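So the structure is just underneath, and the comments pick up after that.
Note that the structure is a prediction, hence the values are computed from the model and not measured. Every number for a ligand or one of its atoms is a count from 1 in the order of the listing.
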Amino acid sequence: MATDTRRVIVDTDTAGDDAQALLMAATSDRIDIEGVTICAGNVEFDYEVENAKYALDLAGVTDSVTVYEGAREPLVKDYYHADYIHGEGGLGGELFPDTGIPSGDRHAVEYIVERARANPGELTLVCIAPLTNVAMALRREPDLDELLDEVWVMGGNVNCLGNVTPAAEYNFWVDPEAAKIVIDELDVRLFDWGLTERDTTFGAETLAAIDDGPDTELADFYRTITASVREYNESQTGEQLVTHPDSAVTAALVEPDLIEEAGTYYVEVDDREGLTRGYTAVDEN
Ligand code: BDR
Ligand code: CA
């Protein structure tokens, strides 16, 4: 194991891009996944749980990494999936066989709080889902910010268009009350939708190379789980493209030099219902 190994808990609503993030983290010797927690988001909850287990199984780490089931719905708002993007089941439209791997014996929120208390200053929380579990953990342990090393979040849209509405990105839009709590109370490293679109997109040329690429289990898994998002993006833009919101976060954890620029800003999330639900107000001035 590398000496600069970072210990992480990954909070995920496992669909295709989350599965890539888990695979990247699980196969890197710079990241040690302590546990995986599941939050209501992309697709039906039970699919998310199985998808996470499937990805961890592919990476061969299910003996050491347990999946803990968390919030099955947002704090306040009605729940909307994004299976129109990720396909039925969340992994590109193909339904994979159940792994038969049991879930952890505790609720995800209890797990996060317990691990943070037992390892003060040691753990990084990697949040690639709506922030329901994290907000609930904060309510249970108000000192979570001090107990964790860092909190990395994929979510929000910093002064750019969102992906689910013009005003908002999916993770913040699904549970804006939770996003507001987390952004208000935790010191967060935010990877937003703007960064996703600008810097993590694979276009036609890259995708063609991947299509003609290696005949391995992982390469084949990538092609399968991105099929639906490719189709969706083509119908929306007329172009071949795949974005990598969640795996970009783990890529930066694996290789911190990928981060060329970062700034510190005051951020607020709009939790009201209506046109600006989930909007991230970032004062870049
Ligand atoms: C985010 O929303 C989800 O659909 C993806 O998994 C990602 O976490 C992108 O807006
Ligand atoms: Ca996600």
Find all atoms of ligand 1 within a distance of less than 4.0 Å from any non-hydrogen atom belonging to [X], and give their numbers and elements.
{"X": "Asn171", "value": "1 (C), 2 (O), 3 (C), 7 (C), 8 (O)"}
{"X": "His86", "value": "4 (O)"}
{"X": "Glu169", "value": "1 (C), 2 (O), 9 (C), 10 (O)"}
{"X": "Asp246", "value": "5 (C), 6 (O), 7 (C), 8 (O)"}
{"X": "Asp18", "value": "6 (O)"}
{"X": "Tyr170", "value": "2 (O), 3 (C), 4 (O), 10 (O)"}

Do you know which N/O/S atom name in Asp246 is closest to the Ca ion (ligand 2)?
OD2
Can you confirm whether Glu73 is buried at CD, in the sense that more than 12 heavy atoms of other residues, nucleotides or ligands lie under 6.0 Å from that atom?
no
Just checking Leu95: does its CG atom have more than 12 heavy atoms from other residues, nucleotides or ligands closer to it than 6.0 angstrom?
yes
Between Tyr170 (side chain only) and Gly41 (backbone N and O only), is there a donor and an acceptor less than 3.5 Å apart?
yes
With rounding to 10 degrees, what does the angle Asp18:OD1 / the Ca ion (ligand 2) / Asp13:OD1 come to?
90°
Please determine whether salt bridge (charged side-chain N to carboxylate O under 4.0 Å, His left out) holds for the pair Glu48 and Arg72, giving the CA-CA distance in whole Å, both sets of side-chain angles, and the decisive distance to 0.1 Å.
CA-CA 10 Å; Glu48 296 181 350; Arg72 288 179 167 263; over 6 Å; no
Side-chain heavy atoms of Asn233 within contact of Val229, under 4.5 Å
yes
For ligand 1, does Val164 get within less than 4.0 Å through its side chain, its backbone, both, or neither, judged by non-hydrogen atoms?
neither
Within the 4.0 Å heavy-atom cut-off, what Thr196 brings close to ligand 1 is neither
Just checking Phe221 against Phe96, ring centres under 6.0 Å apart?
yes
On a heavy-atom basis, which atom in Ala248 and which in Thr200 lie closest, and how many Å separate them?
CB-CG2, 3.4 Å
Which atom pair, heavy atoms only, marks the closest approach of Leu123 to Ile9?
CD1-CD1, 4.0 Å
Please determine if Ile128 has a nitrogen or oxygen closer than 3.5 Å to a nitrogen or oxygen of ligand 1.
yes
Report yes if some N/O of Asn42 lies less than 3.5 Å from some N/O of ligand 1; otherwise report no.
yes
Does the shortest distance from the Ca ion (ligand 2) to an N/O/S atom of Ala15 fall below 3.0 Å?
no
Report yes or no: does Asp17 have an N/O/S atom closer than 3.0 Å to the Ca ion (ligand 2)?
no
When the ring planes of Trp152 and Phe191 are compared, do they come out parallel, tilted or perpendicular, using 30° and 60° as the limits?
parallel
Heavy-atom proximity to atom 6 (O) of ligand 1, best of Asp17, Ile85, Val229, Thr14
Asp17
Thinking salt bridges, do Arg115 and Glu122 make one under a 4.0 Å N-O criterion?
no
